Student: 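A single structure is presented below for examination.
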Amino acid sequence: MRKLSSILYVSLAVVLCCSGCKKWLDVHPENNLSDDKLFADANGYRIALNGAYQQVSGPQLYGKPLSWGFATAIGQEYDRNTVDGDTYQIMGYNWDNDNVKGILAGVWSVSYNTIANCNKIINEIEKADTMIFPLKGVERDLILGEAKAIRGLLHFELLKLFAPAPMKNRTVNAIPYQLTYPSYVTAPSTVDVVMKNVIKDLEDAQQLVVRNDTITNRSVMSQKLQSLLSGSSLPQGGLFFNFRMHRMNYVAIQG
């Protein structure tokens, strides 16, 4: 994807010229996440995390381009003679097409906006009193772990689209790895550094969710597929701990 990387940097150069360096990657969480009152109790953290999941499942990320849309098209998994115009252009690697540029811009901006949301959650919950959570440290760790897992996964998706494969070039500057909130300007990290950060985020996340998924609410993870998908179990802590099949659970992070 070297050509994609080149297009990205050209696009960023245009943005920088138009709005100044301080605006580069000036991505903030949605307004409902910036209110300090949101993080006064456990329900606020749950809402914030669910908001991040809503973003990643939306039409600009896993709702299409990162699953059956753009990602599948560049993998040449369709018959190019039977697809729509945008898919046709993607399969032909026509990165100059305006619609293709729009899809890539959407993936970039919504990914970093979601990462900013996750960083906000991480920043707040790391200093939160565990006593505000019904399941105390188990719930605090679960939310922290899922936020880190989403952050790592989205950086990995961006790396795949906008940088050379590690086997091609591990030392070239690739994408910024956003670890703090707020963050306005972050220089791109090398492919190797991004991969190390992705792995660290996912390994940390796995250890944070392990108590809930393998001990406290193990039954939610061990039921039959239909029960997992329908959320018909009765977990400790309430419905928030259900539907583990649809979230960054211990097994998903391991994968």
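These figures come from a predicted structure and were not determined experimentally.
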Student: Heavy atoms only: give me the nearest V107-L61 pair and the separation to one decimal.
Tutor: O-CD2, 3.7 Å
Student: Which residues pass the ring pair (Phe, Tyr, Trp, His ring centres under 6.0 Å) test with F243, sequence neighbours left out?
Tutor: H246
Student: Identify the two heavy atoms, one from V100 and one from D86, that lie closest to each other, and give their separation to 0.1 Å.
Tutor: CG2-O, 4.5 Å
Student: Could you tell me which non-hydrogen atom of L208 sits nearest to which non-hydrogen atom of L144, and how far apart they are?
Tutor: CD1-CG, 3.7 Å
Student: Got more than 12 heavy atoms from elsewhere within 6.0 Å of CZ, F156?
Tutor: no
Student: Measuring only between side-chain heavy atoms, which start at C-beta, is T186 closer than 4.5 Å to Y177?
Tutor: no
Student: Can you find a heavy atom in the side chain of L142 that is under 4.5 Å from one in the side chain of R244?
Tutor: yes
Student: Looking only at atom types and distance, does a side-chain atom of N242 sit under 3.5 Å from a main-chain N or O of S233, one as donor and one as acceptor?
Tutor: yes
Student: Would R140 and E126 count as a side chain to side chain contact (heavy atoms under 4.5 Å, CB included) if you check the C-alpha gap in whole Å, the side-chain angles of each, and the deciding distance to 0.1 Å?
Tutor: CA-CA 8 Å; R140 179 260 187 191; E126 285 183 333; 4.3 Å; yes
Student: Treating Ile, Leu, Val, Met, Phe, Trp and Tyr as nodes and any side-chain heavy-atom pair under 4.5 angstrom as an edge, say whether F162 and V193 lie in one connected cluster.
Tutor: no
Student: Looking at R211 and G137, would you say the former's side chain and the latter's main chain have a donor-acceptor pair under 3.5 Å?
Tutor: yes
Student: Hey, quick one: are L154 and I199 part of the same hydrophobic cluster, counting side-chain heavy atoms closer than 4.5 Å, chains of contacts allowed?
Tutor: no
Student: Hey, could you give me the CD1/OH distance between I121 and Y181, rounded to the nearest 0.5 Å?
Tutor: 11.0 Å
Student: Looking at side-chain heavy atoms only, is the closest gap between L161 and L66 below 4.5 Å?
Tutor: yes
Student: By ring pair (Phe, Tyr, Trp, His ring centres under 6.0 Å), which residues pair with F133, not counting sequence neighbours?
Tutor: Y45
Student: Quick one: pull up NZ in K136 and CG in D129 and give me the separation to the nearest 0.5 Å.
Tutor: 9.5 Å
Student: Looking at N117 and A52, would you say the former's side chain and the latter's main chain have a donor-acceptor pair under 3.5 Å?
Tutor: no
Student: Are F39 and I125 close enough that some pair of their side-chain heavy atoms sits under 4.5 Å apart?
Tutor: no
Student: Is I47 reachable from I143 through a run of I, L, V, M, F, W or Y residues, each pair having side-chain heavy atoms under 4.5 Å apart?
Tutor: yes
Student: Is Y78 atom OH crowded by more than 12 heavy atoms from other residues, nucleotides or ligands, each under 6.0 Å away?
Tutor: yes
Student: Would you say L153 and I253 are hydrophobically clustered, going by side-chain heavy atoms of ILVMFWY under 4.5 Å?
Tutor: yes
Student: Verify side chain to side chain contact (heavy atoms under 4.5 Å, CB included) between E77 and W68, making sure each step is shown before the conclusion.
Tutor: CA-CA 10 Å; E77 295 186 33; W68 61 273; over 6 Å; no
Student: Are the side chains of Q178 and H155 in contact, using a 4.5 Å heavy-atom criterion?
Tutor: yes
Student: Could you tell me the separation between the CG atom of N99 and the CG atom of L104, rounded to the nearest 0.5 Å?
Tutor: 11.0 Å
Student: Are the side chains of T214 and M221 in touch, meaning some heavy atoms are under 4.5 Å apart?
Tutor: no
Student: Anything under 30° is parallel, anything over 60° is perpendicular, the rest tilted; go ahead and classify W95 against F70.
Tutor: tilted
Student: Give the minimum heavy-atom separation between L49 and A147, together with the two atoms involved.
Tutor: CD1-N, 4.1 Å
Student: Surrounding CZ of R80 (heavy atoms of other residues, nucleotides or ligands, distance under 6.0 Å), is the total greater than 12?
Tutor: yes
Student: With hydrophobic residues grouped by side-chain heavy-atom distances under 4.5 Å, do L158 and V172 end up in a single group?
Tutor: yes
Student: Quick check: do V209 and M248 have side-chain heavy atoms less than 4.5 Å from each other?
Tutor: no
Student: Please give me the minimum heavy-atom distance between A40 and I132, naming the atom from each residue.
Tutor: O-CD1, 4.3 Å
Student: Run the numbers on I150 and V56 for side chain to side chain contact (heavy atoms under 4.5 Å, CB included), then give the verdict.
Tutor: CA-CA 9 Å; I150 295 171; V56 299; 4.0 Å; yes
Student: Please give me the minimum heavy-atom distance between A42 and E139, naming the atom from each residue.
Tutor: CB-OE2, 3.9 Å
Student: Hey, does Q89 have a side-chain heavy atom less than 4.5 Å from the side chain of V83?
Tutor: no
Student: Can you check whether G63's main-chain N or O pairs, donor with acceptor, with S67's side chain at less than 3.5 Å?
Tutor: no
Student: Would you say Y53 and E146 are linked by a side-chain donor-acceptor pair, where the criterion is simply a distance under 3.5 Å?
Tutor: yes
Student: Please report the interatomic distance CZ(R46) to CG(L38), rounded to the nearest 0.5 Å.
Tutor: 13.0 Å
Student: Counting only N and O atoms by type, is there a donor-acceptor contact under 3.5 Å from the side chain of N217 to the main-chain atoms of Q236?
Tutor: yes
Student: Using side chain to side chain contact (heavy atoms under 4.5 Å, CB included), reason through F241 and V220 one step at a time and then give a plain yes or no.
Tutor: CA-CA 8 Å; F241 298 87; V220 180; 5.8 Å; no
Student: Taking atom CG of L179 and atom CG of N119, what is their separation to the nearest 0.5 Å?
Tutor: 6.5 Å
Student: Roughly how far, to the nearest 0.5 Å, is CD of E157 from CD1 of I175?
Tutor: 10.5 Å
